[in-house]
Structure formats: C-alpha cells, structure tokens
There are 2 protein chains.
Amino acid sequence: MRIVVAECTVDYQGRLTAHLPRARRLIMVKADGCVAVHADGGAYKPLNWMNAPNLLEEGDGTWVVTNPKGERLVITLHDVIHDSTFELGIDPGLQKDGVEANLQQLLADRPWVLEDGLTLIRREYPTDIGPVDLLCADPHGGTVAIEVKRRGEIDGVEQLARYLERLSLDPRLRPVRGIFAAQQITPQARTLAAARGIAAVEVDYEGLQEVDSGELRLF
Amino acid sequence: MRIVVAECTVDYQGRLTAHLPRARRLIMVKADGCVAVHADGGAYKPLNWMNAPNLLEEGDGTWVVTNPKGERLVITLHDVIHDSTFELGIDPGLQKDGVEANLQQLLADRPWVLEDGLTLIRREYPTDIGPVDLLCADPHGGTVAIEVKRRGEIDGVEQLARYLERLSLDPRLRPVRGIFAAQQITPQARTLAAARGIAAVEVDYEGLQEVDSGELRLF
DNA sequence: GTGTATATCTCGGGG
DNA sequence: CCCCGAGGTATACAC
C-alpha cells in the first residue's frame with residue numbers, strides 16, 4: 001500500500017467524464033494496483049478511483065491509470081507533500097452476521113411462522129428471471145413463493161410479483177401465491193403488495209433466533 | 001486527515017455485527033471525524049467504517065467510535081507502524097458529465113426528439129409512489145410519461161409501468177402512454193417494454209449536446 | 001425527516 | 001463471461 005499526499009488535478013474518462021480541480025488530496029495505491037483519490041471528508045467513497053485490473057504508468061509528475069475496459073484516470077501531481085509505502089499482507093477478511101442470508105436461513109427452517117402449515121420445497125428456487133428466495137407448499141396443494149428482505153420496500157414487492165408471474169405459468173405449481181417477508185415493511189410496499197394480492201409479513205429476527213435456541217434446549 | 005498503519009483488530013456492532021481478525025491495515029480518520037479501515041486490495045470499499053457524525057474516543061490502544069444511531073466501531077491497536085496527519089482543506093468537488101441527470105435535462109429541453117410534437121408538462125412529476133422523470137403532452141390531447149436512464153434495463157421498464165398504472169387513474173391525464181428513453185437499451189428491457197405497450201427509444205447523448213450547441217449558435 | 005431513485009455503484013454467486 | 005441480487009450500500013433530491 002502506497003500513500004501519497006499531494007496537490008493534484010484528476011481527470012477520469014470512462015463510464016462518465018469527471019474532473020477534479022487542483023487541490024490537496026490523499027492518493028492510495030493498493031497492492032492489487034487499484035487507485036483511489038480521497039478528500040478530507042466522506043468516509044466511504046473516494047472522489048475518483050480505478051479498480052483492478054489496471055495499468056499504472058508513472059511519468060514526470062503525471063500518473064496515467066488505464067484498464068482493459070478502456071477507462072482512463074489521469075492524475076497530475078503539482079506538489080507532493082508525502083509519499084510512503086507499507087507492506088500489509090493479505091487480509092483475513094470480514095466476518096458478518098445479521099444480513100439477509102441469516103434471515104432467509106431462519107425462515108427456511110421454520111416457514112410455518114409466516115403462515116400455518118407451510119413446508120419448504122426449496123431455497124433459491126430457480127426461474128428464468130432469477131431465483132426465488134423460498135418456495136413452499138401449503139396444505140391445500142398450492143404453492144407459496146416467499147421473498148425475504150431485511151427492509152421491505154417497493155422494489156422487493158415488484159421482484160416477487162415478477163417471480164409469481166413466471167411461477168404461475170408452471171401447471172405443476174398452480175395455484176401460486178406470494179408472501180413478502182421482512183423485518184420492517186414500509187407502508188408504500190405494504191400498499192403495493194396489497195394491490196398485487198401479495199401478503200406482507202413482518203418477522204422478528206431476534207425472536208426467530210430465540211425460538212431456534214429455545215427448541216434446541218428441549219433436546 | 002490522519003493516516004495510521006497498524007496491526008489491529010476491529011469490531012463493528014450496529015446494522016449488523018462484524019469482526020476483523022488481527023492484521024496489518026490502514027486506518028483513515030478524516031476531518032469530519034469519519035473513520036475507514038482499509039486492506040491492501042479493493043479500491044472502493046473499506047473493510048469497516050463509520051460515517052459522520054460520530055464521536056471518536058481514543059483510549060489506551062483502543063479507539064471507540066460511536067454515532068447517534070447507536071452504532072459502535074471498536075479498533076484495537078496492537079502495533080502502530082505509522083501515524084501522521086495532514087491538512088488538506090475543503091475539496092472543490094467533483095465535476096461530472098454523462099450521468100442520468102444530464103440526459104434528463106437535455107430531453108426536458110427538447111422532448112420532441114423522442115417523438116414529434118411532444119411538449120413538456122413538467123420534470124419529476126409526482127405520483128403517490130414516486131416521481132416520473134418527464135411528463136409530456138402530445139398534440140392529440142394525450143399524456144406521455146417518460147422514464148430516462150443512462151442504461152436501460154428491465155427494472156427501469158417496471159418502474160415506468162408502475163407510474164403509468166398510477167397516472168392512468170387520473171382522468172385529466174388520460175390517455176397516458178409511456179416512452180422508455182436511454183443511451184443503450186438491453187434486448188430484455190426492449191422485449192418487456194413491448195409487452196407492456198411502452199415505446200423504447202435509444203438516444204444519442206453526444207448528438208443531443210451538439211444539437212444544443214448548434215441551436216445556440218443560431219442566435 | 002421520510003421516501004424514492006441513482007451510482008464510474010461494489011461485491012459475490014450461479015449458469 | 002454475463003446476469004442477477006444484496007449492501008452496514010452511500011448520496012442526492014423532492015415532498
């Protein structure tokens with residue numbers, strides 16, 4: 001990892017055209033070759049960047065970074081205040097918990113918390129426009145497609161509606177209904193779901209985990 | 001801007017729970033107080049971060065960053081390799097060209113390039129499920145809703161279809177048609193648009209700009 | 001502030 | 001390789 005602090009001008013041409021007027025900024029060059037230009041505010045996004053794989057050509061006060069997609073980042077260094085390099089090694093990586101995958105797993109294990117009598121057919125049931133989170137059977141011979149979200153918003157309802165449209169074409173599955181399951185559901189998403197004939201169910205992530213551990217204690 | 005390179009362990013608890021095992025990383029603290037932890041690969045995203053506004057408490061080998069939303073980032077420093085601070089000042093900011101907003105502006109100024117005789121009613125026309133990019137009148141007393149995208153894909157067509165559904169409920173606007181306008185439109189989006197009775201029009205951004213400057217030259 | 005749409009989104013998974 | 005979907009998405013903008 002190389003860290004340069006410099007008065008610089010930056011031009012990017014690729015997916016769009018962008019220009020950074022002359023100012024003092026931090027330039028990060030990582031081991032995989034990717035380059036990021038940061039201002040002194042806004043944690044997440046660099047002002048300009050170029051992802052790996054790319055080629056960095058370091059000329060006389062000018063760096064030219066190009067990639068195979070034809071994008072081009074030109075950094076003109078007017079005044080270099082700091083320039084240092086560190087060996088960091090490979091990072092062991094981030095361990096996460098509490099994202100959609102966990103919620104989906106919990107509901108796959110006990111779909112009946114969403115509606116009495118549901119049994120899982122499979123997770124990530126494939127359709128020609130993408131996989132349905134959970135496909136279940138109800139006790140009356142019908143099929144229920146379930147879309148799981150952490151936060152339930154309009155686009156999630158649309159996504160489920162698209163799947164239902166496809167699944168209903170399969171005579172082995174008909175009739176097919178939908179359940180939209182999320183930790184929180186916005187009123188707008190609720191309204192759209194109602195208009196599409198889709199049930200909207202808020203689920204309690206913490207509560208589900210407790211049910212899990214509670215049942216385990218019975219053994 | 002403060003730059004620290006250190007052997008560290010990081011724990012985040014907030015919207016999810018995440019843990020970074022001990023390793024050598026770069027820690028960036030910006031003037032607005034936000035903190036980012038970077039590994040030596042992947043240009044864009046930090047491994048962990050905390051956005052402003054927040055509070056950084058620097059203890060004995062441990063930094064605790066908290067924010068008003070109840071999120072908490074704890075960085076344990078095992079070995080500090082580098083620690084330096086730079087004054088960068090306020091950045092003049094990024095100048096962009098070629099994003100959706102530009103295209104929308106160009107088409108708002110001359111909607112007739114999409115279809116002969118169209119006149120603008122207004123940009124960002126509000127509905128109860130979100131704003132329509134452009135609402136236009138055609139010469140026959142009808143209304144045309146236009147969704148503008150840089151790259152036209154399926155979800156953009158769905159978005160326009162949703163708006164059309166709502167707009168058609170307003171007797172003052174009927175009949176309402178849709179035009180899906182983008183620099184490039186995928187075959188899938190084109191097919192879906194056709195199925196929904198929506199016209200799909202590819203527009204030439206460069207060409208539109210030239211038309212603009214060309215007409216200005218007439219004065 | 002809430003809600004919606006955009007992004008040079010990034011990133012990862014599956015065919 | 002593209003396509004699709006998730007993200008602690010972040011960010012801008014309108015109401």
Side-chain angles (χ1 to χ4, degrees), chain A residues 10-18 34-37 41-52 54 65 67 69-73 93-94 96-104 124 126-133 147-151 153-156 158-160 162-163 186-189 191-192, chain B residues 12-18 34 36 41-52 67 69-73 94 96-104 122-133 147-151 153-156 158-160 162-163 186-189:
Chain A
V10 185
D11 285 280
Y12 165 78
Q13 197 148 32
R15 282 172 279 185
L16 54 59
T17 300
C34 60
V35 180
V37 181
Y44 204 101
K45 248 181 113 158
L47 291 166
N48 254 316
W49 69 93
M50 189 76 106
N51 278 356
N54 60 25
V65 190
N67 76 5
K69 283 183 254 176
E71 294 169 278
R72 183 186 177 84
L73 184 74
L94 187 65
K96 287 186 187 182
D97 178 37
V99 290
E100 197 208 80
N102 297 65
L103 186 56
Q104 191 190 114
E124 303 290 347
T127 75
D128 54 353
I129 56 166
V132 182
D133 284 344
E147 178 66 33
V148 181
K149 287 267 184 274
R150 209 160 45 81
R151 288 174 309 181
E153 294 170 15
I154 280 182
D155 56 347
E158 287 289 23
Q159 195 180 330
L160 178 53
R162 281 202 302 272
Y163 292 143
T186 64
Q188 292 83 351
T191 302
L192 185 63
Chain B
Y12 165 79
Q13 197 149 32
R15 281 172 278 187
L16 55 58
T17 300
C34 61
Y44 199 105
K45 259 181 104 159
L47 291 165
N48 253 316
W49 68 94
M50 192 74 108
N51 279 354
N67 76 5
K69 282 183 255 175
E71 295 169 279
R72 182 186 178 84
L73 185 74
L94 187 64
K96 288 187 189 184
D97 183 35
V99 291
E100 197 208 82
N102 298 67
L103 187 55
Q104 190 190 118
R122 75 164 279 189
R123 289 177 69 175
E124 303 290 347
Y125 183 92
T127 75
D128 54 353
I129 55 167
V132 183
D133 284 345
E147 178 65 33
V148 181
K149 287 265 184 277
R150 205 160 48 83
R151 288 175 307 182
E153 296 169 14
I154 280 183
D155 55 347
E158 291 285 20
Q159 195 179 333
L160 179 52
R162 267 197 324 264
Y163 294 144
T186 65
Q188 293 91 338

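Side-chain atoms are counted along with the backbone in the values below, which use heavy atoms only and exclude waters and symmetry mates. In what follows, every chain begins at residue 1, and chains take the letters A, B, ... in the order their sequences are listed.
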Salt bridge (Lys or Arg N to Asp or Glu O under 4.0 Å) partners of E158(A), counting only residues at least two apart:
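Only R196(A), R162(B) meet the salt bridge (Lys or Arg N to Asp or Glu O under 4.0 Å) criterion with E158(A).
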Who pairs with R72(B) by salt bridge (Lys or Arg N to Asp or Glu O under 4.0 Å), at least two apart in sequence or on another chain?
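Scan of R72(B) (salt bridge (Lys or Arg N to Asp or Glu O under 4.0 Å), adjacent residues dropped) gives none.
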Discussion item. So does Q13(B) get a backbone contact from the side chain of T17(B), meaning a donor-acceptor N/O pair under 3.5 Å?
Written reply: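 A pair under 3.5 Å: no.
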* To do: Sticking with atom C1', work out how far dG8(D) lies from dG14(C), rounded to a whole angstrom.
  =>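 Pairwise C1' distance, dG8(D) against dG14(C), rounds to 25 Å.
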Subject >> C1' gap between dA5(C) and dC9(C), integer Å >> reply: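 Nearest-Å result for dA5(C) against dC9(C) at atom C1': 13 Å.
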Under a 4.0 Å heavy-atom criterion, the protein footprint on nucleotides 5-15 of chain C, written with B, S and -, is SSSBSSS----
Nearest-Å distance for atom pair [atom1]/[atom2], residues [X] and [N]:
| X | N | atom1 | atom2 | result |
| --- | --- | --- | --- | --- |
| R123(B) | dC13(D) | CZ | C1' | 11 Å |
| E158(A) | dA6(D) | CD | P | 14 Å |
| L192(A) | dG3(C) | CG | P | 15 Å |

Test of understanding: with side chain to side chain donor-acceptor pair (under 3.5 Å), list the residues that count as partners of Q159(A), not counting sequence neighbours.
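Residues passing side chain to side chain donor-acceptor pair (under 3.5 Å) with Q159(A): E147(A), K149(A).
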Sequence-distant partners of N67(A), side chain to side chain donor-acceptor pair (under 3.5 Å), two or more places apart:
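Applying side chain to side chain donor-acceptor pair (under 3.5 Å) to N67(A) gives E71(A).
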Please tabulate, for the side chains in residues 42-51 of chain A, all donor-acceptor contacts under 3.5 angstrom to protein atoms that are two or more places apart in sequence or on a different chain.
| unit_1 | atom_1 | unit_2 | atom_2 | d |
| --- | --- | --- | --- | --- |
| Y44(A) | OH | K45(B) | NZ | 3.3 |

